[in-house]
Amino acid sequence: MDSLEKIKEEVISCKKCKLWQFRINAVPGEGNPKAEIMFVGEAPGENEDKEGRPFVGAAGKLLTQLIKEILGLERDQVFITNVVKCRPPNNRDPEEEEIMACSPYLDRQIDIIMPKIIVTLGRHSTKYIFSKMGENFSSITKVRGKSYVWKYKEKEIIVFPTYHPAAALYNPNLRKILEEDFKKIKEIAITPKRYTIDYFLGGKNRSWDKREESDSNSSK
């Protein structure tokens, strides 16, 4: 039977692509195996490579802050990982063959955790998850801040793309956008029944449930 611990052991010893030659530590991911919210980044950076843990550098501190201050959760209540589990040299973008070699680990993690919401951080993780969903991906700017439904193995997982926290460190103007996106994530996590299914379909037709709309109007 598959388990997160088994995946961790496989990732630590993995040599499926050339990245193993450059790593100090592989970074399988960490958090609650029954998490309702799963965060998926692109690949580990320098600090993550040193510690063998995801999002522990400056971008990780911002992510942790957003999780705690806006979502009201601790890091160990969510699950945090990346599409690629080893650091690309000099923090370059992961190559397609590296994503193809490593992404089955992420697929298995999703299978085990079956989260309610997957938050994709940045274009690489969003592009990968969108490919699994059969959705077209053009740019993170166009899709971020919207909710998508992934009908996955008899379950519906909400996919919510947003910017990678590192982008907000380089561009302070994105910090406010990232904070607003996390407020949307909290709203979805806490009050999912307020939305019709159309609300989640690519951010289109974002109408409230008509019965609730009627109730709301009658109470005014």
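Side chains included, hydrogens not; waters and symmetry mates left out as well; all remaining heavy atoms used.
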With no hydrogens and no angle check, is any side-chain donor or acceptor of [X] less than 3.5 Å from a backbone partner on [Y]?
{"X": "Asp76", "Y": "Gly31", "answer": "no"}
{"X": "Arg75", "Y": "Leu63", "answer": "no"}
{"X": "Gln109", "Y": "Pro28", "answer": "yes"}

Considering only heavy atoms from C-beta outward, does the side chain of [X] approach that of [Y] to under 4.5 Å?
{"X": "Glu95", "Y": "Leu19", "answer": "no"}
{"X": "Arg87", "Y": "Val27", "answer": "no"}
{"X": "Tyr128", "Y": "Val40", "answer": "no"}
{"X": "Pro33", "Y": "Ile112", "answer": "no"}
{"X": "Ile99", "Y": "Val84", "answer": "yes"}
{"X": "Ile157", "Y": "Met38", "answer": "no"}
{"X": "Val83", "Y": "Pro94", "answer": "no"}

Thr126-Thr120 side chain donor-acceptor pair, cut-off 3.5 Å:
yes

Among side-chain atoms of Tyr105 and Asn82, is any donor-acceptor pair under 3.5 angstrom?
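Not at all, the side chains of Tyr105 and Asn82 share no donor-acceptor pair under 3.5 Å.
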
Can you sort out the partners of Lys15 under salt bridge (charged side-chain N to carboxylate O under 4.0 Å, His left out), two or more places apart, ordered by chain and number?
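If we apply the salt bridge (charged side-chain N to carboxylate O under 4.0 Å, His left out) test to Lys15, skipping adjacent residues, there are no hits.
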
Which residues pass the salt bridge (charged side-chain N to carboxylate O under 4.0 Å, His left out) test with Lys153, sequence neighbours left out?
Asp111

Check this for me, if you would: do [X] and [Y] make a salt bridge, where the nitrogen-to-carboxylate-oxygen distance has to be below 4.0 angstrom?
{"X": "Arg123", "Y": "Glu42", "value": "no"}
{"X": "Lys183", "Y": "Glu179", "value": "no"}
{"X": "Glu30", "Y": "Arg53", "value": "yes"}

Ring pair (Phe, Tyr, Trp, His ring centres under 6.0 Å) for His164 and Phe55? Distances and angles first, verdict last.
CA-CA 11 Å; His164 195 286; Phe55 285 89; 5.2 Å; yes

Is Ile80 linked to Leu169 within one hydrophobic cluster, defined over Ile, Leu, Val, Met, Phe, Trp and Tyr using a side-chain heavy-atom separation of less than 4.5 Å?
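Yes, because Ile80 and Leu169 connect within a single hydrophobic cluster, where side-chain heavy atoms sit under 4.5 Å apart.
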
According to a 4.5 Å side-chain heavy-atom criterion applied to Ile, Leu, Val, Met, Phe, Trp and Tyr, with indirect links allowed, do Val11 and Leu4 form part of one hydrophobic cluster?
yes

Exercise: identify the closest heavy-atom pair between [X] and [Y]:
{"X": "Pro44", "Y": "Glu48", "answer": "CB-CB, 3.6 Å"}
{"X": "Cys86", "Y": "Ala43", "answer": "O-CB, 4.3 Å"}
{"X": "Ala59", "Y": "Pro165", "answer": "O-CB, 3.5 Å"}
{"X": "Pro115", "Y": "Ile110", "answer": "CD-O, 4.0 Å"}
{"X": "Phe79", "Y": "Gly29", "answer": "CZ-C, 3.9 Å"}
{"X": "Asn91", "Y": "Glu46", "answer": "OD1-N, 3.8 Å"}

Ala168: side chain to side chain contact (heavy atoms under 4.5 Å, CB included) partners, not counting sequence neighbours:
Leu62, Leu174, Arg175, Leu178

What residues form a side chain to side chain contact (heavy atoms under 4.5 Å, CB included) with Asp181, not counting sequence neighbours?
Arg144, Phe160, Thr162, Ile177, Lys184

I'd like to know whether Val119 forms a side-chain contact (heavy atoms from CB on, under 4.5 Å) with Val78, so could you lay out the CA-CA distance, the side-chain angles of the two residues, the decisive distance to 0.1 Å, and finally the verdict.
CA-CA 11 Å; Val119 181; Val78 301; over 6 Å; no

Results of side-chain hydrogen bond (donor to acceptor under 3.5 Å, both in side chains) for Glu74 - residues two or more places apart only
none

Among all residues two or more places apart in sequence or in another chain, which pass the side-chain hydrogen bond (donor to acceptor under 3.5 Å, both in side chains) test with Glu51?
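Once residues adjacent in sequence are excluded, Glu51 has no partner under the side-chain hydrogen bond (donor to acceptor under 3.5 Å, both in side chains) criterion.
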
Met114/Tyr152 under side-chain contact (heavy atoms from CB on, under 4.5 Å): CA gap, chis, key distance, verdict:
CA-CA 9 Å; Met114 278 294 181; Tyr152 183 72; 3.5 Å; yes

Parallel, tilted or perpendicular: which fits the ring planes of Phe39 and Phe182, with parallel below 30° and perpendicular above 60°?
parallel

Please say which of Leu66, Ile190, Ile37 ends up in a side-chain contact (heavy atoms from CB on, under 4.5 Å) with Leu71.
Ile37

Got more than 12 heavy atoms from elsewhere within 6.0 Å of [atom1], [X]?
{"X": "Gln77", "atom1": "CD", "answer": "yes"}
{"X": "Asn90", "atom1": "CG", "answer": "no"}
{"X": "Lys142", "atom1": "NZ", "answer": "no"}

I'd like to know whether Met1 forms a side-chain contact (heavy atoms from CB on, under 4.5 Å) with Lys6, so could you lay out the CA-CA distance, the side-chain angles of the two residues, the decisive distance to 0.1 Å, and finally the verdict.
CA-CA 9 Å; Met1 185 176 179; Lys6 181 180 178 183; over 6 Å; no

